Every structure is written in structure tokens, then in C-alpha cells.
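Below: the structure, in C-alpha cells.
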Amino acid sequence: MSYEQILYRVTEGVARITLNRPERLNSLTDVMRAEIADALAQAGAEPGLRGVILTGAGRGFCAGQDLADRKPLPAGERRDLSEGLRTSYRPLMERLQSMPAPVVCVVNGVAAGAGMSLALACDVVFAAESAKFVLAFSKIGLVPDMGATWFLPRLLGEGRAMGLALFGEPLTARQAAEYGLIWRCVPDADLPDTLAGIQASLSQAPTLALNAAKQALRASRANTLMQQFDLEADLQRAMGYTDDYLEGMKAFAEKRAARFAGR
Ligand code: LHQ
């Protein structure tokens, strides 16, 4: 599958989507958003998908909305910014959030505005040590969007979320990891190995169990403890019938590493 502004490939059941407009720090155009959404649909339709990795080409991950990607308005007119959010950003977010398999974001450089929101909408975020997270919206007189006002208080607590939203100061990858905004900060030089490690880990994982774990954690956003308990019981029943569970038990008894087929 070939795209104009992203790269897409599937290796050992793991789909990799690379935002590919490095000269514009992979800022989001209409075309790029549509291509990411399409690539996620392709990945979702992949038989036996074991995970998705989202990353960026060049020195940035994503600088948010491409501020030049818009038709000029007649003099004196102002733009309805909600339109793009509803018709393009929202479907992308829905697509991302409905992926059954884990979506891992590898933030290779600056993530700003909707680019930061895009990273936070993934299930797990790794970031290169030199990467920065910039809630750039207030710098241009806008409110954080693409889910940022939903993700940030959940991930950081309201105090830090407010600080970020009101002051717009960049957060280093190290701080982001310390605050619990992301999973791990890695030295820049280790980024290729990190990507290879994530690829290997996802492609050898008991995928149905990871998918179920993700489903349960996501459902906890709206569930009571007892609803969650019941969901876990349902999911565990399903896991008990998988080949991977049998293999996991066998490998444990034989004191060897399990070879999971993702079934
Ligand atoms: C860019 C961009 C960019 C175009 C760097 N666009 N070219 C949703 C819906 C509706 C309306 C509006 O918004 C939204 C959601 C949003 O995302 S709003 C927030 C949009 N993003 C921003 O405001 C971030 C703007 N960029 C920056 O603040 C900086 O570029 C950051 C902090 C990301 C990186 O700074 P530097 O590392 O110093 O790089 P740079 O500023 O020199 O950028 C490199 C080039 O990329 C440069 O072009 P040039 O031709 O001078 O080399 C920038 O103009 C271009 N670029 N971001 N969003």
C-alpha cells in the first residue's frame, strides 16, 4: 500500500505507520489524517494483526495541525475551526481508539498540539530523550483539542494538566516519563533498537491476551469495580480457551520460553 504523506508496512503481523513529512515536522494535513485513518483501517483488517507502531520520520514526531494547510478566506472572514475537528480529527480518533490490538507510539522528536494528542491517544508511548511534548495551543490562542483535555487529566492529574494547558511550557521526554504521561524515555541512540524491540515483543506476544487487557483497561474508564470484575471474568473465560494459554502453561511446566501464535 502506498501513500503520499505516510509510510505503511506490515512485518510479522505488526503494522508500522510512519508520518512522513519531515520538512514540516510531520504536521497534520487533511491528506495525512485521511491516510493515517486509512492505514489504521488496513491494519485492522490484517488477518492476525499483532499490533501497530506509530512513529515519525526525521527530527519531529508531529507538530500538530499544519497551520498552512487551509484555503485562504475572503478578507474579513473568520474560519469555523470545529468543522475539521468534527469531520477529520474525530474519525481519526475513533479509528485509533477502536483498534483491537495494541497501538504503540514511538515519539522520535517534538510532539506539539494535535501531535501531542495523537501520541496520547495511543496505548503506550515511548519517547526519545530529546523529544519534547508541547501543548502548543495557547501559543496561538486556541484550546487543546483532539482529546487532549480528556487524556491529560487522566494521565497527569488535573493540577499538572492545567499547568500544561495554561502555560504551554514544553515537557521533556524525561519529565513526561516521570509524570506518568508516557511509558518510557529512551536515549536517542537507542531508538532503532527500541523500535525493533517493540516490533519483536508485539509479534511474539499472546495477542488475544494483550487485546483483552487493553479492552479491560479501556472499559475501566466507565465501569464500576464490580462491572470490571465481571468483564475480567468474561475475558478470562475466553483466554482459557486460547492456544496461547495452553502453550503458556506447557512452556511453564517445561521451564522454557513460550512460543505464542497469537491465537
Ligand atoms: C510547521 C508546523 C505546523 C506547518 C512546524 N504547521 N509548519 C486543530 C484544528 C483546527 C485548527 C487548529 O488546530 C488544530 C490542532 C492543532 O494542532 S493547533 C496547534 C498547531 N501546532 C502548533 O502550533 C505548533 C507549531 N510549531 C511549533 O511551535 C514549533 O515548530 C515546534 C515547537 C513544534 C518545533 O520547533 P522547532 O524545533 O524550533 O522547529 P521549527 O519551528 O523551526 O519548525 C521547522 C519547520 O517546520 C519550519 O518551517 P521552515 O520552512 O521555517 O523550516 C516550521 O514553519 C514548520 N512547522 N510546525 N504546525
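What's counted below: heavy atoms across the whole structure, side chains too, no hydrogens, waters or symmetry copies. Both counts, for ligands and for their atoms, begin at 1 and track the order of listing. Since the model is a prediction, treat every value here as computed from it, not as a measurement.
When each atom of ligand 1 is checked for a heavy atom of G64 under 4.0 Å away, the hits are 17 (O). Proximity to A112 (heavy-atom distance under 4.0 Å) selects the following atoms of ligand 1: 33 (C). Listed by number with element, the atoms of ligand 1 under 4.0 angstrom from any heavy atom of L25 are 5 (C), 30 (O), 34 (C), 39 (O), 43 (O), 44 (C), 46 (O). Which parts of ligand 1 touch L81 is read off a 4.0 Å heavy-atom cut-off, strictly below it: atoms 11 (C). Residue E23 has at least one heavy-atom neighbour below 4.0 Å for each of these atoms of ligand 1: 45 (C), 46 (O). Proximity to F137 (heavy-atom distance under 4.0 Å) selects the following atoms of ligand 1: 15 (C), 16 (C), 17 (O), 18 (S). For ligand 1, the atoms sitting less than 4.0 Å from at least one non-hydrogen atom of S27 are 3 (C), 4 (C), 6 (N), 58 (N), numbered in the order shown with element in parentheses. Which parts of ligand 1 touch L142 is read off a 4.0 Å heavy-atom cut-off, strictly below it: atoms 12 (C), 13 (O).
Looking at heavy atoms from C-beta onward, M99 lies in side-chain contact with V52 at the 4.5 angstrom threshold. A 4.5 Å side-chain heavy-atom check between W150 and R221 finds at least one atom pair inside the cut-off.
Judged by distance alone, the side chains of Y3 and D38 do bring a donor and an acceptor atom under 3.5 Å apart. Side-chain contact check for E35 and Y8: no donor-acceptor pair (N or O, by modelled atom type) lies under 3.5 Å. With 3.5 Å as the limit, one finds no donor-acceptor pair spanning the side chains of N20 and Q5. Judged by distance alone, the side chains of S203 and R50 never bring a donor and an acceptor atom under 3.5 Å apart.
In terms of protein heavy atoms, atom 4 (C) of ligand 1 is closest to D66 OD1, 3.3 Å. With hydrogens left out, the protein atom closest to atom 8 (C) of ligand 1 is D145 OD2, 3.2 Å, a heavy atom. Protein heavy atom nearest atom 13 (O) of ligand 1, with residue, atom name and distance: Q65 CB, 3.6 Å.
In terms of heavy atoms, N108 sits closest to G58 at ND2-O, 3.0 Å. Of all non-hydrogen atoms in F61 and G115, the two that sit nearest each other are CE2-O, 3.4 Å. The shortest non-hydrogen separation linking A205 to D244 is O-OD2, 4.3 Å. Taking each heavy atom of G56 and T18 in turn, the nearest pair found is C-CG2, 3.8 Å.
Shown here, atom 18 (S) of ligand 1 is in close reach of the protein: a heavy atom of it lies under 4.0 Å off. Checking atom 34 (C) of ligand 1 against the protein gives a heavy-atom contact under 4.0 Å. Protein non-hydrogen atoms do not reach within 4.0 Å of atom 28 (O) of ligand 1. Closer than 4.0 Å to atom 24 (C) of ligand 1 lies at least one heavy atom of the protein. Shown here, atom 51 (O) of ligand 1 is out of close reach of the protein: none of its heavy atoms lies under 4.0 Å off. Counting only heavy atoms, the protein gets under 4.0 Å from atom 39 (O) of ligand 1. For atom 54 (O) of ligand 1, the nearest protein heavy atom lies 4.0 Å away or farther.
Using a 4.0 Å cut-off between heavy atoms, A63 contacts ligand 1 through both its backbone and its side chain.
Test D66, T29, N26 against R21 for side-chain hydrogen bond (donor to acceptor under 3.5 Å, both in side chains) and you get one pass: D66.
By the 3.5 Å distance cut-off applied to N or O atoms, L67 is counted among the residues near ligand 1. Considering both main-chain and side-chain atoms, A114 comes within under 3.5 Å of ligand 1 through a nitrogen or oxygen pair. Considering backbone and side-chain atoms together, V110 places no N or O closer than 3.5 Å to any N or O of ligand 1. An N or O contact shorter than 3.5 Å links R24 to ligand 1 by distance. Residue-to-ligand polar distances place R59 within reach of ligand 1: an N/O pair is separated by less than 3.5 Å.
Applying the salt bridge (charged side-chain N to carboxylate O under 4.0 Å, His left out) definition to pairs two or more places apart or across chains, those involving residues 127-151 are E129-R174.
With sequence neighbours excluded, the residues forming a side-chain contact (heavy atoms from CB on, under 4.5 Å) with R263 are D243, A261, listed by chain and number.
Taking the charged nitrogens against the carboxylate oxygens, D30 and R70 have no contact shorter than 4.0 Å, which rules out a salt bridge.
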